[in-house]
K.L.:
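Please see the structure below; I have some questions.
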Amino acid sequence: MMGFFKWGARAAALDTSTLGTATLALSMPSGCVVPEGCVGLVVDAGGRTRRVAEGAKLSSCGAAAGWCFHPGPYQWELRPFAQVPEIGLRLNFSVDSLDPRVSQQRFDLYLASEAQDQLALDAFCGAIEAALQRELAQGGLDLPPCTTLDEWNAFRAGFNQLLYTRFGVTVDDCVPVDLAAQVDYAQILLARIEANPVAASENVIAPAPTPAPIPNAATDRHALRRLFLELPYVMCGLRQAVLPSGQALFRQHQALLERLDLASLAASTMPALELASPCERLADAEQVRRIAHSRAALMALDEAWSLLARLRHAADTQLEALFDDADRIVANLETALAGRRAISESEQL
């Protein structure tokens with residue numbers, strides 16, 4: 001009798017032991033119970049999300065993915081300046097709780113569009129550090145030497161808004177720390193010499209460039225998914241962030257919204273990476289070019305989120321300069337999307 005019956009293999013238990021410490025979020029199959037102290041998240045194919053309370057089953061029937069995440073708090077040490085690794089910031093943050101005033105939480109959108117099978121704390125804080133370094137380098141935030149109390153408060157306000165707008169987390173505390181004891185200066189110098197031997201031969205220690213990831217189809221899919229899911233929220237955020245009083249700024253604001261709407265349409269109707277036409281394969285070199293444009297569009301998208309953070313607490317006198325910056329970002333986005341859509345380099349705008 002026993003030979004006629006076979007028990008199905010029992011699904012392996014989901015290891016959630018690192019949630020709240022080394023891991024912020026894990027993907028979960030349907031039917032799993034949301035662990036204690038965590039929040040469940042169901043993501044449908046269109047990127048819309050729904051939160052599930054702890055202790056409830058994560059029913060993701062017909063959905064694209066299911067997640068559980070621990071809201072924290074978390075602590076991490078950031079390096080705001082890549083070339084001065086001994087200067088650090090000790091950051092304490094938490095994932096935002098449910099806000100009934102918005103249709104989708106920003107952290108939920110981050111998980112739906114950017115996370116893979118899991119979201120590790122070091123990877124997430126690496127993204128925060130990269131966003132902070134970019135804002136400081138471009139002048140969106142200012143953290144000068146011998147910072148005064150007023151300058152520090154201005155930096156904290158901008159940094160808090162950046163993390164809330166870009167990542168959906170709230171800063172609980174942020175204090176300067178000295179990281180000199182953790183820095184291996186000899187290894188840094190050696191890496192710079194190996195990366196730039198010409199400069200080293202001239203007794204000039206040049207900063208080591210960050211190696212670019214190898215372009216591949218997964219990079220393109222990830223970029224297009226982010227553009228498809230996030231551009232409508234960027235457009236909505238721009239509409240709600242400011243209401244210009246002057247007629248010229250109002251027209252510029254409306255023009256930016258219209259251009260973002262067209263960019264969102266272009267991202268959602270983008271042709272397949274490998275096809276030049278329905279029955280014709282695109283050459284490998286042209287595929288690499290398309291992937292490069294996808295990555296350029298993604299850089300413009302990240303800049304757009306940072307700009308939204310600045311707009312949310314900008315004075316009326318700053319709007320003209322911020323709108324000019326928005327015009328630059330949208331122009332870069334349009335150019336990148338046109339390049340991604342083009343079949344050959346000669347067809348680009």
Side-chain angles (χ1 to χ4, degrees), residues 43-50 96 99-114 127 131 134-135 138 140 158 161-169 221-271 293-314 316 318-341 349:
V43 185
D44 67 15
R48 292 174 292 272
T49 58
R50 172 174 55 87
D96 294 333
D99 185 352
R101 298 173 298 176
V102 297
S103 60
Q104 186 176 47
Q105 306 300 127
R106 180 63 184 95
F107 183 77
D108 299 356
L109 177 61
Y110 183 90
L111 280 183
S113 64
E114 299 190 52
R134 183 176 59 249
E135 279 297 280
Q138 295 181 349
Q161 188 64 59
L162 174 65
L163 264 61
Y164 180 81
T165 303
R166 174 67 180 88
F167 300 100
V169 299
R221 287 194 300 270
H222 175 69
L224 293 184
R225 176 172 174 80
R226 281 197 59 193
L227 291 164
F228 171 73
L229 293 180
E230 296 180 30
L231 275 177
Y233 288 92
V234 170
M235 185 170 56
C236 183
L238 179 60
R239 182 180 291 111
Q240 296 175 350
V242 290
L243 185 61
S245 55
Q247 187 174 7
L249 286 180
F250 178 79
R251 290 178 177 175
Q252 190 175 4
H253 184 238
Q254 294 302 304
L256 287 170
L257 290 173
E258 292 175 1
R259 292 167 63 190
L260 279 174
D261 194 15
L262 291 175
S264 179
L265 177 63
S268 60
T269 58
M270 196 63 69
H293 284 294
S294 296
R295 292 172 56 195
L298 211 54
M299 292 175 59
L301 177 65
D302 288 340
E303 285 193 71
W305 280 115
S306 300
L307 179 69
L308 280 181
R310 282 179 273 156
L311 279 170
R312 292 187 187 279
H313 60 85
D316 291 342
Q318 298 174 309
L319 287 182
E320 185 174 354
L322 288 176
F323 275 14
D324 288 343
D325 199 21
D327 183 77
R328 175 190 61 82
I329 293 170
V330 175
N332 289 340
L333 178 63
E334 291 169 332
T335 302
L337 290 174
R340 171 56 178 81
R341 181 178 293 275
L349 294 178

K.L.:
Using the side-chain contact (heavy atoms from CB on, under 4.5 Å) rule, take Arg134 and Asp302 through it: C-alpha gap first, then chi angles, then the decisive distance, then the call.
P.N.:
CA-CA 10 Å; Arg134 183 176 59 249; Asp302 288 340; 3.7 Å; yes
K.L.:
Quick one: CZ on Phe228 to CE on Met270, what's the gap to the nearest 0.5 Å?
P.N.:
12.5 Å
K.L.:
Closest heavy-atom contact between Gly237 and Leu308?
P.N.:
C-CD2, 3.6 Å
K.L.:
Whether the side chain of His253 engages the backbone of Leu238 through a donor-acceptor N/O pair (distance < 3.5 Å, no angle test) should be reported.
P.N.:
yes
K.L.:
Quick check for you: to the nearest 0.5 Å, what is the distance between Arg221 atom CZ and Ser294 atom OG?
P.N.:
11.5 Å
K.L.:
Decide yes or no for Arg106 and Thr165: does some side-chain heavy atom of the first lie under 4.5 Å from some side-chain heavy atom of the second?
P.N.:
no
K.L.:
Is there a side-chain contact between Leu307 and Leu322 in this structure, where contact means two heavy atoms from C-beta onward sitting under 4.5 Å apart?
P.N.:
yes
K.L.:
Can you tell me how far apart CD (Glu230) and CG (Leu301) are? Round to the nearest 0.5 Å.
P.N.:
5.0 Å
K.L.:
In Å and rounded to the nearest 0.5 Å, what is the OG to CD1 distance from Ser306 to Ile329?
P.N.:
7.5 Å
K.L.:
Does a side-chain heavy-atom distance below 4.5 Å link Arg312 with Tyr164?
P.N.:
no
K.L.:
Donor-acceptor pair, Arg340 side chain versus Arg295 backbone, under 3.5 Å?
P.N.:
no
K.L.:
Mind checking salt bridge (Lys or Arg N to Asp or Glu O under 4.0 Å) for Arg48 and listing every partner two or more places apart, or none if nothing turns up?
P.N.:
Asp44
K.L.:
Just checking Met299: does its CE atom have more than 12 heavy atoms from other residues, nucleotides or ligands closer to it than 6.0 angstrom?
P.N.:
no
K.L.:
Regarding Glu303 and Arg328, does a basic nitrogen lie under 4.0 Å from an acidic carboxylate oxygen?
P.N.:
yes
K.L.:
Go through it in stages, so that I can follow the logic: the residues are Trp305 and Tyr233, the test is side-chain contact (heavy atoms from CB on, under 4.5 Å), and I'd like the CA-CA distance, side-chain angles, deciding distance and then a yes or no.
P.N.:
CA-CA 10 Å; Trp305 280 115; Tyr233 288 92; 4.1 Å; yes
K.L.:
Of the non-hydrogen atoms in Ala112 and Thr49, which two are nearest, and what is the gap between them?
P.N.:
CB-CG2, 4.2 Å
K.L.:
Compute whether any side-chain donor of one residue and acceptor of the other, for Arg341 and Thr269, lie under 3.5 angstrom apart.
P.N.:
yes
K.L.:
Are the side chains of Leu319 and Leu311 in touch, meaning some heavy atoms are under 4.5 Å apart?
P.N.:
yes
K.L.:
Show me the side-chain donor-acceptor pairs of residues 256-267 shorter than 3.5 Å, one per line, residues at least two apart or across chains.
P.N.:
unit_1 : atom_1 : unit_2 : atom_2 : d
Arg259 : NE     : Glu334 : OE2    : 3.0
Arg259 : NH1    : Asp327 : OD1    : 2.6
Arg259 : NH2    : Glu334 : OE1    : 3.0

K.L.:
Does atom CD of Gln318 have more than 12 heavy-atom neighbours, drawn from other residues, nucleotides or ligands, at distances under 6.0 Å?
P.N.:
yes
K.L.:
In terms of side-chain geometry, is the basic nitrogen of Asp325 or Arg310 positioned less than 4.0 Å from the acidic oxygen of its partner?
P.N.:
yes
